[in-house]
Visitor: 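This is the structure I want to talk about, given as structure tokens.
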Amino acid sequence: MRVLVIFAILALSCVYSAQSHTVVPIPFSRIIPRATCTDDDKNKEYCSADCRSIVYCNNNAQEETTNCLASTGKPYCEKLSEKAAQCTTESAGCISFTDTCPSDGIFPNLLDCTKYVYCVGPTSTPAECDANKVYHGGDKMCKSGVQCYNYDSLKGLCRGKDQVRLAYPLNPKLYVYCSPGGPKLRQCNMDDENIKFDPKQGTCVFVCSKEGLFEDTNDPHYYFECAKVGNGFQTTRKKCPDDTIFDKDKEQCKAAR
């Protein structure tokens with residue numbers, strides 16, 4: 001299993017290295033990829049990988065760790081800015097692995113727009129864009145002149161909204177869930193290219209991209225009919241006859257086994 005995971009990561013790396021950016025592996029942390037303090041980190045605070053401590057990089061580039069619960073009675077660390085962090089009762093500002101890896105695939109690093117992460121099963125491999133580029137989640141590549149949407153941006157989108165789903169601006173298959181604990185990045189069905197997030201309905205829906213019959217991945221007894229109408233498509237959800245299910249390969253209903 002370990003060999004398969006490593007092979008999958010290498011395969012993804014080969015595919016995306018061929019595009020207009022270079023993949024540069026970096027040490028992985030659930031908060032900000034970092035192995036030890038560097039000269040650039042001096043006099044800055046970060047959250048630890050488990051979101052339970054504040055890590056201060058002193059003037060000598062040495063780590064000083066303060067456990068939040070033990071020192072303040074508040075269990076979580078929250079990143080306030082590039083240089084500061086604080087202890088809090090909610091884990092709203094501490095990005096965990098599951099927040100940035102909704103499923104297998106390649107996703108943006110919500111704390112740094114120049115970075116992104118490969119997600120394969122339980123394994124994640126961070127990477128970063130070339131200089132002066134940010135990761136574009138829709139095009140799955142690093143680009144210049146693209147607006148950055150990081151965790152602070154998503155908090156702004158969610159301000160005043162509770163338990164609401166909003167579109168993620170750079171990828172139609174991703175959406176932002178505004179939870180009480182802070183914004184979470186989620187993804188529509190990755191196995192169906194026609195499933196995208198609809199901001200008007202606040203949910204993932206089937207969107208026709210070409211004519212034909214397509215399976216309903218949520219219920220095998222139904223399928224979608226896509227018909228060309230003007231410059232767009234008309235989508236109709238239909239049900240197979242009783243005791244049959246839709247066969248996506250033959251594009252017709254067949255007897256259920």
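Small disclaimer: the values here were computed from a predicted structure and weren't measured.
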Visitor: Take Cys68 and Ile54 through the test side chain to side chain contact (heavy atoms under 4.5 Å, CB included) and record every step on the way to the result.
Guide: CA-CA 7 Å; Cys68 282; Ile54 293 177; 4.1 Å; yes
Visitor: Which atom names give the shortest non-hydrogen contact between Leu166 and Phe197, and what distance separates them?
Guide: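 Closest approach of Leu166 to Phe197: C-CE2, 3.5 Å.
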Visitor: If you measure only the distance, is there a donor-acceptor pair under 3.5 Å linking the side chains of Asn58 and Glu64?
Guide: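 Glu64 and Asn58 do have a side-chain donor-acceptor pair below 3.5 Å.
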Visitor: Can the SG atoms of Cys77 and Cys87 be said to lie under 2.5 Å from each other?
Guide: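 The sulfur gammas are not closer than 2.5 Å, so no.
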Visitor: Mind telling me whether Phe214 and Phe206 have parallel, tilted or perpendicular rings, with 30° and 60° as the class edges?
Guide: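 The arrangement is tilted - the two ring planes meet at 30° to 60°.
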Visitor: Minimum heavy-atom separation for Asn67 to Ser53, with atom names?
Guide: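 Closest heavy-atom pair between Asn67 and Ser53: CA-OG, 3.5 Å.
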Visitor: Ignoring hydrogens and angles, write down the donor-acceptor pairs under 3.5 Å from the side chains of residues 224-243, residues two or more places apart or on other chains.
Guide:
residue: Glu225; atom: OE1; partner: Lys238; partner atom: NZ; Å: 3.3
residue: Glu225; atom: OE2; partner: Lys238; partner atom: NZ; Å: 3.4
residue: Arg237; atom: NE; partner: Asp216; partner atom: OD2; Å: 2.8
residue: Arg237; atom: NH2; partner: Asp216; partner atom: OD2; Å: 3.0

Visitor: With a cut-off of 6.0 Å (strictly less than), are more than 12 heavy atoms of other residues, nucleotides or ligands near NZ of Lys42?
Guide: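 Yes, enclosed.
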Visitor: Please find the pair of heavy atoms, one from His221 and one from Thr244, that lie closest to each other, and give the distance.
Guide: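 In terms of heavy atoms, the two residues are closest at CD2-O, 3.3 Å.
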Visitor: Using 0.5 Å steps for rounding, measure from the OH atom of Tyr56 to the CD atom of Gln62.
Guide: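 Those atoms lie 11.5 Å apart.
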Visitor: Looking at every non-hydrogen atom in both residues, tell me the closest pair between Lys115 and Tyr135 and how far apart they are.
Guide: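 Scanning both residues, the minimum pair turns out to be O-CB, 4.1 Å.
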Visitor: Could you state the interatomic distance from SG (Cys204) to NZ (Lys196), rounded to the nearest 0.5 Å?
Guide: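 Cys204 SG to Lys196 NZ: 12.0 Å, rounded to 0.5 Å.
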Visitor: Hey, any chance Val207 and Leu213 share a hydrophobic cluster, counting ILVMFWY side chains that come within less than 4.5 Å of each other, even indirectly?
Guide: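 No, because Val207 and Leu213 fall into different hydrophobic clusters, even though each may have its own neighbours under 4.5 Å.
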Visitor: How many angstroms lie between CD in Glu215 and CG in Asp247, if you round to the nearest 0.5 Å?
Guide: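 Atom-to-atom, Glu215:CD and Asp247:CG are 9.0 Å apart.
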Visitor: Look at the side chain of Asp198 and the backbone N and O of Lys200, then say whether any donor-acceptor pair between them is shorter than 3.5 Å.
Guide: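 Confirmed, Asp198 side chain pairs with Lys200 backbone.
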Visitor: Quick check: closest heavy atoms across Tyr177 and Arg165, and the distance to 0.1 Å?
Guide: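 Looking at all heavy atoms of both residues, the closest pair is CD1-CG, 3.9 Å.
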Visitor: Decide yes or no for Leu69 and Lys74: does some side-chain heavy atom of the first lie under 4.5 Å from some side-chain heavy atom of the second?
Guide: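 Leu69 does not reach Lys74 side chain to side chain.
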Visitor: Do Tyr175 and Thr203 come within less than 4.5 Å of each other through their side chains, counting heavy atoms only?
Guide: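 Heavy-atom side-chain distance check fails, nothing below 4.5 Å.
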Visitor: Going from CE on Met141 to SG on Cys129, what distance comes out if it is rounded to the nearest 0.5 angstrom?
Guide: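 So the gap between those two atoms works out to 9.5 Å.
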Visitor: As an exercise, state the distance from OH of Tyr46 to CD of Glu63, rounded to the nearest 0.5 Å.
Guide: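 Answer for the OH-CD pair, Tyr46 versus Glu63, is 10.0 Å.
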Visitor: First locate atom NZ of Lys155, then atom SG of Cys178, and finally report the distance between them rounded to the nearest 0.5 Å.
Guide: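 Here the rounded value is 12.0 Å.
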Visitor: Hey, quick one: are Val134 and Leu174 part of the same hydrophobic cluster, counting side-chain heavy atoms closer than 4.5 Å, chains of contacts allowed?
Guide: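 In one cluster with Val134: Leu174, yes.
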Visitor: Side chains of Val164 and Cys158, heavy atoms from C-beta outward: is any pair under 4.5 Å?
Guide: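 The answer is no, as the side chains (C-beta and beyond) never meet within the 4.5 Å cut-off.
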Visitor: Looking at every heavy atom in both Ser144 and Asn132, which two are closest together, and how far apart are they?
Guide: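 Where Ser144 meets Asn132 most closely, the heavy atoms are OG-O, 3.6 Å.
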